[in-house]
Amino acid sequence: MKIATWNINGVKARLETVKTWLKEAQPDVACLQEVKSMTEAFPADVFEDLGYNVAVHGQKSFNGVAIFSKTPFDEVIIGLPGNEADEQARYIEAVIPGDKGIVRVASIYLPNGNPVDTEKYPYKLEWMSHLKAHAETLLAYEEPLVLAGDYNVIPEARDVHAPSAWEGDALYRPETHAAFRAIMNLGFTDALRAVNAEDAQYTFWDYQAGAWPKNNGIRIDHMLLSPQAADRLESCRVMRETRGWEKPSDHVPVMIDLAV
DNA sequence: ATGACCTGTTTAACAGGA
């Protein structure tokens with residue numbers, strides 16, 4: 001089963017780009033972030049026409065996450081359990097049947113956290129703490145589990161073009177790294193790093209200042225695998241070529257193949 | 001060149017992103 005994650009930066013602006021990608025890459029499951037659409041306004045029919053079942057957790061203007069699946073969902077959970085007071089649409093989870101059993105998949109849009117001297121940074125750390133608590137619950141199910149999304153976390157120096165330029169940034173601060181490691185240390189595998197140890201495996205390039213032609217990127221889109229998913233991992237690829245397409249998102253998809 | 005963008009919104013400048 002091919003499972004992908006992609007921050008599309010607006011479903012309306014990216015309609016043709018996402019359709020092209022779905023037709024070419026043929027993911028069985030696609031986790032999208034920053035759809036920037038209310039649930040009711042989401043163009044689900046466009047993707048249903050391509051053979052997908054569509055689950056959306058949207059809001060007006062900003063944020064918003066979705067999961068597409070070729071197979072009907074067994075279950076959909078809207079919002080991060082245990083964080084019901086959160087007004088921002090940043091989490092959706094679904095259980096999807098595969099050939100050999102189910103897989104549980106979440107589409108996550110973790111807060112950016114900048115500027116760090118505002119309430120945005122504690123909000124990010126608090127959100128990560130809620131995610132950790134829920135991840136711990138899910139790991140106890142001992143299922144193939146994929147926590148996919150835009151984490152807004154640069155894990156290591158090899159994941160950023162100019163580490164010194166990111167010191168103090170919410171994506172790269174020690175507190176951010178500590179919170180991310182606390183989640184990883186529950187027992188997750190970073191799918192990309194399970195198959196590729198090279199540096200510069202970027203998933204985001206700013207639209208500004210020629211970041212893409214200069215390859216000034218960062219790796220912030222991740223697929224975290226439970227042990228039962230990691231044991232079934234067959235491949236993981238960053239779909240870098242999509243950043244060169246017409247009307248690109250500033251992020252590119254990451255796609256895994258799981259034997260489920 | 002210390003330059004350079006993109007999206008959504010109460011369609012004219014903002015806010016937000018990373």
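We name chains A, B, ... by the order of the sequence lines, and we start the count at 1 in each one.
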Trainee: Tell me what Asn112(A) touches on the nucleic acid: a base, only sugar-phosphate, or nothing, going by heavy atoms under 4.0 Å.
Mentor: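 Contact class for Asn112(A): base.
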
Trainee: Can you tell me how far P of dA18(B) sits from CG of Asp159(A), to the nearest Å?
Mentor: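 Between P of dA18(B) and CG of Asp159(A): 17 Å.
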
Trainee: Cut-off 3.5 Å, no hydrogens considered: what does the side-chain donor-acceptor table look like for residues 99-106 of chain A, sequence neighbours left out?
Mentor:
| unit_1 | atom_1 | unit_2 | atom_2 | d |
| --- | --- | --- | --- | --- |
| Arg104(A) | NE | Glu143(A) | OE1 | 2.8 |
| Arg104(A) | NH1 | Glu93(A) | OE2 | 2.8 |

Trainee: Reckon Asp221(A) touches a base, only the sugar-phosphate, or nothing at all at heavy-atom distances under 4.0 Å?
Mentor: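 Nothing: the residue Asp221(A), judged by heavy atoms under 4.0 Å, touches no strand.
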
Trainee: So does Arg14(A) get a side-chain nitrogen or oxygen closer than 4.0 Å to the phosphate oxygens (OP1/OP2) of dC6(B)?
Mentor: no

Trainee: Within the structure shown, what part of the strands sits under 4.0 Å from Lys120(A) by heavy-atom distance: base, sugar-phosphate, or nothing?
Mentor: sugar-phosphate

Trainee: Using a 4.0 Å heavy-atom cut-off, does Asp169(A) contact any base of the nucleic acid, only the sugar-phosphate backbone, or nothing at all?
Mentor: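 Nothing: the residue Asp169(A), judged by heavy atoms under 4.0 Å, touches no strand.
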
Trainee: Hey, is the side chain of Lys60(A) poking within less than 4.0 Å of OP1 or OP2 on dT10(B), counting only N and O atoms?
Mentor: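 The answer is yes; a side-chain N or O of Lys60(A) sits under 4.0 Å from OP1 or OP2.
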
Trainee: In whole angstrom, give the distance that lies between atom CD of Gln59(A) and atom C1' of dT9(B).
Mentor: 14 Å

Trainee: Passes side chain to side chain contact (heavy atoms under 4.5 Å, CB included), Lys124(A) versus Lys120(A)? Steps please.
Mentor: CA-CA 6 Å; Lys124(A) 174 180 194 156; Lys120(A) 291 179 184 229; over 6 Å; no

Trainee: Is the distance from OP1 or OP2 of dG16(B) to the nearest side-chain N or O of Asn114(A) less than 4.0 Å?
Mentor: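 False: Asn114(A) side-chain N/O out of range (4.0 Å or more) of dG16(B) OP1/OP2.
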
Trainee: So, does Lys36(A) get its side chain near the phosphate of dC6(B), meaning an N or O under 4.0 Å from OP1 or OP2?
Mentor: no

Trainee: In chain order, what residues pass the side-chain contact (heavy atoms from CB on, under 4.5 Å) check against Pro227(A), with sequence neighbours excluded?
Mentor: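 Residues passing side-chain contact (heavy atoms from CB on, under 4.5 Å) with Pro227(A): Leu139(A).
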
Trainee: Can the ring centroids of Tyr202(A) and His161(A) be said to lie less than 6.0 angstrom from one another?
Mentor: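 Distance test on ring centres: not under 6.0 Å, no.
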
Trainee: Considering every strand and a 4.0 Å limit on heavy-atom distances, what is the contact class for Tyr172(A): base, sugar-phosphate, or nothing?
Mentor: nothing

Trainee: Taking 4.0 Å as the cut-off, does a side-chain nitrogen or oxygen of Tyr207(A) come that near to OP1 or OP2 on dG16(B)?
Mentor: no

Trainee: Just checking Gly210(A): base, sugar-phosphate only, or nothing, at a heavy-atom cut-off of under 4.0 Å?
Mentor: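 Here Gly210(A) touches no strand at all.
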
